[in-house]
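Worth knowing before you read on, the calculation uses all heavy atoms, side chains too, and leaves out hydrogens, waters and symmetry mates.
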Amino acid sequence: LLGVPAGLLALAAQRGRKATAVLLSALAAGLILAVALLGAGRLADLANPGQGTAFLRISLWRSALEMIREHPWFGVGPDNFLYYYGDYIQPGAEVDRWLSHPHNVILDFWVRLGVGGLALFVMLLVRCACDARRRVAQCAGDERAMAVGLIGSAVAAVAHGLVDAFFFVPELALGCLFGLTWL
């Protein structure tokens with residue numbers, strides 16, 4: 001719900017304002033169609049922070065923030081979220097006790113690697129954006145299309161990472177590192 005629209009918007013932005021406007025109109029039409037087919041009540045239930053998926057996600061983020069508050073500098077270590085999470089789980093969220101990551105890229109880097117890991121992630125994003133911009137400006141034809149596609153996939157991955165895994169899964173790390181290496 002976040003990744004695909006964000007990636008498409010990044011691709012449309014490379015084409016200009018008209019393409020972006022067309023895509024935004026299509027996304028708005030898709031949202032209206034979803035409300036018509038699913039009903040506004042169903043979508044409201046999905047976004048209700050007091051119950052269901054939204055409640056569990058917010059509880060998970062609160063737990064991760066508490067973990068970070070107690071371990072800000074070095075985090076809890078790579079792949080240790082699962083083992084610490086039980087000590088920080090919020091009341092009512094026990095149904096998802098065995099989660100291995102905080103479902104947010106910023107919290108994930110910070111809770112695993114500490115403040116230095118988060119800083120490294122931010123520097124990596126900035127470097128990627130600068131390199132991608134330069135690559136698109138310098139290239140033409142198939143090489144430019146590849147760069148634009150990688151930009152779209154990177155934006156989609158980061159947007160998806162705001163609510164799920166981004167990097168610390170082998171196949172996701174491989175995809176991210178491939179894109180960064182090519183750019």
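- With a 4.5 Å cut-off on side-chain heavy atoms, Val155 and Leu9 do not count as touching.
- Under the 4.5 Å side-chain criterion, counting only non-hydrogen atoms from C-beta, Ile151 is in contact with Val136.
- With sequence neighbours excluded, no residue satisfies side-chain hydrogen bond (donor to acceptor under 3.5 Å, both in side chains) with Gln90.
- Clustering ILVMFWY residues whenever any of their side-chain heavy atoms sit less than 4.5 angstrom apart, transitively, puts Phe167 in a cluster other than the one holding Leu120.
- Separating the CD1 atom in Ile89 from the CZ atom in Arg97 is a distance of 6.0 Å, to the nearest 0.5 Å.
- Taking a cutoff of 4.0 Å between a charged side-chain nitrogen and a carboxylate oxygen, Glu66 and Arg69 qualify as a salt bridge.
- Remark: the backbone N or O of Ala93 is not paired with any side-chain donor or acceptor of Ser59 at under 3.5 angstrom.
- The ring pair (Phe, Tyr, Trp, His ring centres under 6.0 Å) analysis of residues 110-155, with sequence neighbours excluded, yields the pairs Phe109-Phe121, Phe121-Phe166.
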Discussion item. Pair Trp73, Val115 - check side chain to side chain contact (heavy atoms under 4.5 Å, CB included), show working.
Written reply: CA-CA 5 Å; Trp73 299 109; Val115 73; 3.4 Å; yes
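- Put simply, the side chain of Glu94 gets close to the backbone of Gly92: a donor and an acceptor are under 3.5 Å apart.
- Considering CE of Met123 and SG of Cys128, their distance stands at 14.0 Å, rounded to 0.5 Å.
- Here the straight-line distance linking atom OG of Ser100 with atom CG of Asn80 works out to 11.5 Å at 0.5 Å rounding.
- Under a hydrophobic-cluster definition in which Ile, Leu, Val, Met, Phe, Trp and Tyr are linked whenever side-chain heavy atoms come within less than 4.5 Å, directly or via other members, Leu8 and Leu150 are assigned to different clusters.
- Between Met67 and Tyr85, the shortest heavy-atom distance links the atoms CE-CA, 3.8 Å.
- Side-chain contact between Gln14 and Val148 is present, with at least one heavy-atom pair separated by less than 4.5 Å.
- Note: Arg57 CZ to Arg62 CZ = 14.0 Å, rounded to the nearest 0.5 Å.
- Residue Leu107 holds its CG atom at 11.5 Å from CZ of Arg112, rounded to the nearest 0.5 Å.
- Residues Leu60 and Phe81 have side chains in contact (heavy-atom distance under 4.5 Å, counting atoms from C-beta outward).
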Please output the side-chain donor-acceptor pairs of residues 16-30 that fall under 3.5 Å, not counting sequence neighbours, one pair per line with the distance.
{"from": "Thr20", "atom 1": "OG1", "to": "Ala12", "atom 2": "O", "distance (Å)": "3.4"}
{"from": "Thr20", "atom 1": "OG1", "to": "Gly16", "atom 2": "O", "distance (Å)": "2.9"}
{"from": "Ser25", "atom 1": "OG", "to": "Ala21", "atom 2": "O", "distance (Å)": "2.9"}

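- Between Asp108 and Pro102 the shortest heavy-atom distance is OD1-CD, 3.4 Å.
- Here the CE atom belonging to Met146 is positioned 14.5 Å from the CZ atom belonging to Arg144, to the nearest 0.5 angstrom.
- The minimum heavy-atom distance linking Leu11 with Gly152 is given by the pair CD2-CA, 4.1 Å.
- The shortest heavy-atom contact between Trp61 and His103 is NE1-O, 3.1 Å.
- Using a 4.5 Å heavy-atom cutoff, the side chains of Leu82 and Trp98 are in contact.
- Ala159 and Gly3 get closest at one heavy-atom pair: CB-CA, 4.1 Å.
- In the hydrophobic cluster analysis, where Ile, Leu, Val, Met, Phe, Trp and Tyr join through side-chain heavy atoms closer than 4.5 angstrom, Ile68 is grouped together with Phe168.
- Contact annotation: the side chain of Tyr84 approaches that of Val76 to within less than 4.5 Å [non-hydrogen atoms, C-beta and beyond].
- The cluster map of Ile, Leu, Val, Met, Phe, Trp and Tyr, joined by side-chain heavy atoms under 4.5 Å apart, puts Leu124 and Val169 in different clusters.
- The two residues Arg135 and Ala147 have their closest heavy-atom pair at CG-CB, 3.8 Å.
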Worksheet item: side chain to side chain contact (heavy atoms under 4.5 Å, CB included) between Leu118 and Ile106: does it pass, once the steps are laid out?
Response: CA-CA 7 Å; Leu118 180 61; Ile106 296 164; 3.8 Å; yes
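- Placement of Leu113 and Phe74 within a single hydrophobic cluster is found when ILVMFWY residues are connected by side-chain heavy-atom separations under 4.5 Å, directly or transitively.
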